[in-house]
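Written out below as structure tokens is the structure these notes cover.
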Amino acid sequence: MNTQGEIEAAICQSMSRFQQEHMGRGPKDVHAFLIGDLLLIRLQGVLTAAERHLVGALPSAKGRDLLKQVRTQLIEMARPVLEPMIQEITGANILSLHHDISTVTGEEVVIFTLASAVQVREKKPR
């Protein structure tokens, strides 16, 4: 059994590798947070140059909506890869996945609802 920090670090490494392999570019920064039966993953700096150009070239709402639709579709198509990856690290079954991205900040959030809270080992006191 791992500590919460070890589990969160493993999730960050896996999500960064996933972004690199499936989205064509890794995030500049990634953080994972286990909160009861929720797993929140915050990825920063995920927009490609082409995506930033697309958002800037079209009217703001149209570019934003198009990019969000494409990214959401890509995440949905990648569920068969993401869910087993998270399940292996956490040991918990996945109930649902939620996703959003900001075209302004280039920040993406992925939230997994887990069937149960993740069992973690307490850190040894120093």
Side-chain angles (χ1 to χ4, degrees):
M1 189 180 314
N2 293 322
T3 66
Q4 181 169 335
E6 290 168 337
I7 293 169
E8 291 170 345
I11 291 166
C12 289
Q13 289 174 339
S14 293
M15 281 301 289
S16 187
R17 190 171 42 254
F18 165 81
Q19 287 278 323
Q20 183 70 41
E21 293 171 2
H22 287 76
M23 302 299 189
R25 135 186 202 135
K28 290 187 177 174
D29 201 14
V30 59
H31 295 280
F33 305 93
L34 280 170
I35 308 161
D37 64 349
L38 291 177
L39 169 61
L40 169 67
I41 304 167
R42 179 182 180 201
L43 303 121
Q44 295 172 296
V46 298
L47 294 179
T48 66
E51 289 171 330
R52 286 191 305 274
H53 179 71
L54 174 73
V55 170
L58 296 174
S60 63
K62 185 172 184 171
R64 180 194 66 226
D65 292 347
L66 183 58
L67 179 63
K68 284 178 177 259
Q69 288 173 0
V70 169
R71 280 290 184 132
T72 298
Q73 187 63 41
L74 289 170
I75 291 292
E76 284 298 320
M77 288 173 49
R79 275 182 100 136
V81 174
L82 284 170
E83 289 184 356
M85 178 182 80
I86 296 301
Q87 187 172 359
E88 182 179 331
I89 295 169
T90 63
N93 290 327
I94 309 300
L95 296 179
S96 62
L97 180 151
H98 310 276
H99 168 266
D100 199 9
I101 188 166
S102 169
T103 58
V104 175
T105 64
E107 179 178 77
E108 185 172 22
V109 291
V110 181
I111 302 170
F112 290 91
T113 303
L114 309 173
S116 61
V118 177
Q119 298 299 311
V120 297
R121 175 176 50 85
E122 294 298 318
K123 280 198 252 181
K124 295 178 184 175
R126 290 186 165 209

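Quick caveat, the model's predicted, so the values are computed rather than measured.
In this structure, Val110 is not a member of the same hydrophobic cluster as Leu38, with clusters built from ILVMFWY side-chain heavy atoms closer than 4.5 Å. Cluster annotation: Val120 and Ile86 are assigned to the same hydrophobic cluster (Ile/Leu/Val/Met/Phe/Trp/Tyr, side-chain heavy-atom contacts under 4.5 Å, transitive). With hydrophobic clusters built from ILVMFWY side chains whose heavy atoms lie under 4.5 angstrom apart, Leu97 shares a cluster with Leu39. Taking hydrophobic clusters as Ile, Leu, Val, Met, Phe, Trp and Tyr residues chained together by side-chain heavy-atom distances below 4.5 Å, Ile111 does not share a cluster with Met77. Cluster annotation: Ile11 is connected to Val81 through the hydrophobic network of ILVMFWY side chains, with a link wherever side-chain heavy atoms come within less than 4.5 Å.
For the atom pair CD1 of Ile101 and CD1 of Ile75, the computed distance is 8.5 Å after rounding to the nearest 0.5 Å. Separating the CZ atom in Phe112 from the CE atom in Met85 is a distance of 6.0 Å, to the nearest 0.5 Å. The distance from atom CG of Leu54 to atom NZ of Lys62, rounded to the nearest 0.5 Å, is 10.0 Å. Here the CG-CZ distance, from Leu67 to Arg52, works out to 11.0 Å after rounding to the nearest 0.5 Å. Once rounded to the nearest 0.5 Å, the distance linking OG1 of Thr113 with NE2 of His98 reads 3.5 Å. Once rounded to the nearest 0.5 Å, the distance linking OG of Ser16 with CD1 of Ile41 reads 11.5 Å.
When atom types are taken as modelled, the side chain of Gln4 and the backbone of Leu34 share a donor-acceptor pair closer than 3.5 angstrom.
Each of Lys68, Arg71, Glu108 was evaluated against His99; a single residue qualifies, Glu108, per the side-chain hydrogen bond (donor to acceptor under 3.5 Å, both in side chains) test.
Between Glu8 and Phe33, the closest heavy-atom pair is OE2-CA, 3.5 Å. Taking every heavy atom of both residues into account, Val55 and Gly63 meet most closely at CG2-O, 4.0 Å.
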Determine, stepwise, if the pair Leu114 / Ile94 fulfils side chain to side chain contact (heavy atoms under 4.5 Å, CB included). CA-CA 5 Å; Leu114 309 173; Ile94 309 300; 3.5 Å; yes
Hey, can you pull the donor-acceptor pairs under 3.5 Å for the side chains in residues 21-29, sequence neighbours left out?
from	atom 1	to	atom 2	distance (Å)
Arg25	NE	Gly45	O	3.4
Arg25	NH1	Leu47	O	3.4
Arg25	NH2	Gly45	O	3.0
Asp29	OD2	His31	NE2	3.0

